[in-house]
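Computation of the quantities below employed the complete heavy-atom set of this structure, encompassing side-chain atoms and omitting hydrogens, waters and symmetry-equivalent molecules.
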Protein chains: 4
Amino acid sequence: MTAATPRRAAAQARPDDAPPPVPQRLLATATRLFADRGYDRTSVQEIVEGAGVTKGALYHYFGSKDDLLHEIYARLLRLQQERLDAVADRDAPIEERLRDAAADVVVTSIENLDDAAIFFRSMHQLSPGKQKQVRAERRRYHERFRALVEEGQRGGVFTDAVSAELVVDYHFGCVHHLSAWYRPGGRLTPREVADQLADLLMRSLRP
Amino acid sequence: MTAATPRRAAAQARPDDAPPPVPQRLLATATRLFADRGYDRTSVQEIVEGAGVTKGALYHYFGSKDDLLHEIYARLLRLQQERLDAVADRDAPIEERLRDAAADVVVTSIENLDDAAIFFRSMHQLSPGKQKQVRAERRRYHERFRALVEEGQRGGVFTDAVSAELVVDYHFGCVHHLSAWYRPGGRLTPREVADQLADLLMRSLRP
Amino acid sequence: MTAATPRRAAAQARPDDAPPPVPQRLLATATRLFADRGYDRTSVQEIVEGAGVTKGALYHYFGSKDDLLHEIYARLLRLQQERLDAVADRDAPIEERLRDAAADVVVTSIENLDDAAIFFRSMHQLSPGKQKQVRAERRRYHERFRALVEEGQRGGVFTDAVSAELVVDYHFGCVHHLSAWYRPGGRLTPREVADQLADLLMRSLRP
Amino acid sequence: MTAATPRRAAAQARPDDAPPPVPQRLLATATRLFADRGYDRTSVQEIVEGAGVTKGALYHYFGSKDDLLHEIYARLLRLQQERLDAVADRDAPIEERLRDAAADVVVTSIENLDDAAIFFRSMHQLSPGKQKQVRAERRRYHERFRALVEEGQRGGVFTDAVSAELVVDYHFGCVHHLSAWYRPGGRLTPREVADQLADLLMRSLRP
DNA sequence: GATGAATGAGTGTTCATTCAT
DNA sequence: TATGAATGAACACTCATTCAT
């Protein structure tokens with residue numbers, strides 16, 4: 001009935017040539033389709049066909065189409081929160097930590113471009129309850145990021161002529177926008193894009 | 001069968017207390033609903049009920065639901081292109097023109113927050129043909145904006161350590177993001193938000 | 001959206017050889033099928049096929065399958081209440097009025113045996129809101145009937161050794177049961193069954 | 001694959017504090033749910049959840065969902081036939097035997113109100129084969145009851161102005177109806193209701 | 001004896017669109 | 001100009017049942 005968290009048993013001892021277990025296959029297919037044509041335009045039928053199972057199987061593992069979307073959100077949020085926490089907790093100058101965090105979210109978003117595209121485009125399709133939950137986790141992430149900016153401002157390393165809040169929105173707006181223009185295999189590598197965007201952020205914070 | 005552009009008719013001679021003509025009512029209702037619940041989640045039935053007309057009337061003025069969406073896009077694009085052209089053509093230092101253009105798109109987006117929300121969220125719901133058309137107009141807008149950045153870079157007023165392309169994406173990413181966090185009646189007036197965001201842009205271009 | 005009450009226009013001037021209008025056809029088919037196999041076992045698909053229309057047409061006239069059921073209830077309740085009121089309001093001795101009322105509900109139930117079968121078997125399938133409404137109307141009917149018994153008891157024409165409430169339940173239980181055993185074209189005419197059952201009721205009320 | 005009749009096993013040697021064995025738990029849960037929401041609206045999933053077992057367990061003991069329903073019918077029919085036979089076989093005046101039989105079926109129905117509610121409401125949901133079987137047993141019961149009426153009529157103790165058949169239908173219609181209005185803990189005890197209803201029956205048979 | 005993953009046909013409902021009037 | 005009845009394909013979801021383990 002509830003969204004399946006990948007079975008540990010399945011993760012344990014799967015021979016490398018075996019197909020991934022059903023819930024993973026469903027999640028992967030759904031991610032691709034949601035990113036391609038949007039949540040509302042993807043039918044459950046298409047998902048199960050893509051994953052090579054039947055509707056019954058999907059509903060055995062996930063309570064609803066909505067649950068699939070929620071699981072995609074949760075997966076990306078978990079990943080990004082972990083990485084931000086790791087960077088922020090490091091023992092390094094604030095400029096370095098903020099720059100790394102800023103670059104890291106860009107790289108992660110590019111590496112999971114489907115997830116990221118879904119994230120910003122389909123938030124409103126989540127059921128109200130799940131939407132609230134996702135927003136709360138998103139806010140936690142946001143606040144941790146803003147705290148880095150504020151720490152630098154208090155220490156005089158960054159200008160406080162600009163609102164920390166707005167700077168963070170500026171940066172995440174741009175991350176949000178990535179899936180609108182970034183194409184894998186384009187002129188710039190993910191790392192280069194990340195560096196340049198992080199550089200823009202740092203520039204706007206120069207005293 | 002194509003989208004009606006009924007502006008002229010309306011501009012003619014409507015007494016101030018008369019209700020706006022049918023096509024405008026439909027467009028206004030559709031805009032509100034599309035922004036509220038998304039294009040796919042808004043039914044034609046809801047639009048005609050909101051506008052107080054019947055389905056037949058809608059299909060009399062618009063060829064399809066898709067046409068309504070397209071007209072909303074066209075309306076916003078026309079407006080923004082006009083304003084950007086006006087600013088860019090002015091006889092003023094490049095810093096001033098870029099700053100004004102950057103601030104102006106923020107103000108315009110906030111003043112038409114519904115249109116802006118629809119713009120970024122529902123682009124993919126347009127039919128392929130109309131989508132291509134909108135993208136082309138959008139690109140024209142984008143390029144005129146980028147030309148301002150490049151003009152400043154060539155003149156040495158702005159740093160060329162950053163890619164003009166990326167700077168523009170950075171800014172429009174943030175404009176895109178506005179509807180995600182800006183609430184009318186919030187702490188900052190549209191003008192203040194616009195000034196701060198334009199300021200961020202200019203800061204990141206400082207040599 | 002709401003249940004259609006037969007269009008007056010349609011009722012006005014329909015040539016006798018024309019098929020009945022769509023809502024009536026749907027209602028008639030639904031009544032037959034609900035009585036035959038029960039509400040839950042009748043699919044919307046079967047109803048529309050039986051009525052020779054499409055699902056869209058059904059949902060044009062009725063908000064839901066539930067609405068169809070409700071309309072069947074309302075139709076029978078209206079009919080029976082009218083007839084009970086007519087009998088009860090008559091200027092005749094109470095024995096005659098009660099006997100006539102008791103016989104009348106039997107005749108009406110037999111003449112609308114499908115409706116009656118649905119009534120008692122499918123009440124619980126109605127949505128809670130509509131169920132409440134139907135129960136309220138049913139209670140009104142019940143109470144009017146009981147008032148007749150009580151009037152006779154107060155006047156000493158009927159024994160008051162038995163509870164009026166229970167007598168009424170006794171009689172309606174039997175009416176309820178009719179669809180379980182009465183078969184049209186059987187040994188007894190509706191009128192004969194009605195007379196005998198009314199007789200049973202009157203006998204149990206003899207002082 | 002046929003319905004298990006596990007009474008013997010249960011009767012053997014279960015300590016009083018042990019939970020009832022699985023088949024009983026399933027039957028008890030199914031009875032409650034069928035009475036509450038009807039057979040068609042109760043899912044096998046709900047039954048096994050309510051009984052705290054898995055689907056596999058249910059299908060181990062019962063061949064189908066239909067079997068569960070059939071077992072509930074069989075259980076009530078066995079009980080009522082036994083009790084009617086006991087009363088009818090007694091050596092007592094016919095009035096006393098009929099009155100007792102009439103009262104007894106009321107008491108039994110109230111004491112097993114869930115079973116009784118299911119009986120009259122869900123007969124049509126049984127598979128045709130099982131339905132035929134249940135109807136046959138029901139008829140046997142009915143006929144034994146009618147024989148009591150006829151015995152009294154032949155002996156001149158009851159009037160034969162009314163058809164024995166109809167009298168029996170009158171009474172069982174009312175028993176049928178019990179679950180529609182009787183509420184445990186109401187104003188009248190089961191015994192009182194039974195006495196009054198039996199009294200009504202006897203009154204209508206007075207010469 | 002018992003599990004629970006998986007099936008596949010079915011459910012009621014929605015909706016953009018058409019068209020005779 | 002405008003109506004509203006009608007379409008038909010699609011939708012998310014349910015469920016009794018089976019079967020390898």
Rounded distance [0.5 Å steps], OH in A:Y39 versus CD1 in A:I72:
9.5 Å
If you round to the nearest 0.5 Å, how far is NE2 of D:H124 from CZ of C:R41?
11.0 Å
Does the protein touch nucleotides 15-21 of chain E at the base, only the backbone, or not at all? Give it as B, S and - per nucleotide, heavy atoms under 4.0 Å.
BBBB---
Indicate whether OP1 or OP2 belonging to F:dA6 is found under 4.0 Å from a side-chain N or O atom of C:H60.
no
So CZ of D:R32 and CG of D:D115: to nearest 0.5 Å the spacing works out to 13.0 Å
In whole Å, I'd like the distance from the CG atom of C:L69 to the P atom of E:dT13.
12 Å
For D:A51, side-chain contact (heavy atoms from CB on, under 4.5 Å) partners two or more places apart
D:R25, D:L26, D:T29, D:V53
Is there side-chain contact between C:V134 and C:F119, with heavy atoms separated by less than 4.5 Å?
yes
Atom-to-atom span, NE2 of D:H70 to P of F:dA16 - whole angstrom
19 Å
Base, sugar-phosphate alone, or nothing: which one does C:V22 contact when heavy atoms must sit under 4.0 Å apart?
sugar-phosphate
Go ahead and write out DNA chain E as dot-bracket, 5' to 3': ( ) for pairs within the strand, [ ] for ones crossing earlier pairs, | when the partner sits on another strand, dots for unpaired; Watson-Crick or G-U wobble, both distances under 3.5 Å.
.||||||||||||||||||||
For atom CZ of C:R37 and atom P of E:dG10, their distance in whole Å:
14 Å
Shortest non-hydrogen contact from C:D114 to C:A35?
OD1-CB, 3.3 Å
Between E:dG1 (C1') and D:R25 (CZ): distance, integer Å:
14 Å
In whole angstrom, what separates D:F62's CZ from E:dA2's P?
12 Å
Euclidean distance, atom CG of residue B:L26 to atom P of F:dT3 [Å, nearest integer]
11 Å
Side chain to side chain contact (heavy atoms under 4.5 Å, CB included) between B:R75 and B:T31, intermediate numbers included
CA-CA 11 Å; B:R75 186 177 59 183; B:T31 302; 3.0 Å; yes
Round to a whole Å and report the spacing from CD of A:Q125 to P of F:dC11.
15 Å
From OH (A:Y61) to CG (A:D67), nearest 0.5 Å:
15.0 Å
Rounding to a whole Å, what distance do you find between D:L58:CG and F:dC15:P?
15 Å
Taking all atoms of both residues into account, what is the closest heavy-atom pair of B:D66 and B:Q125, and its distance?
OD1-O, 3.7 Å
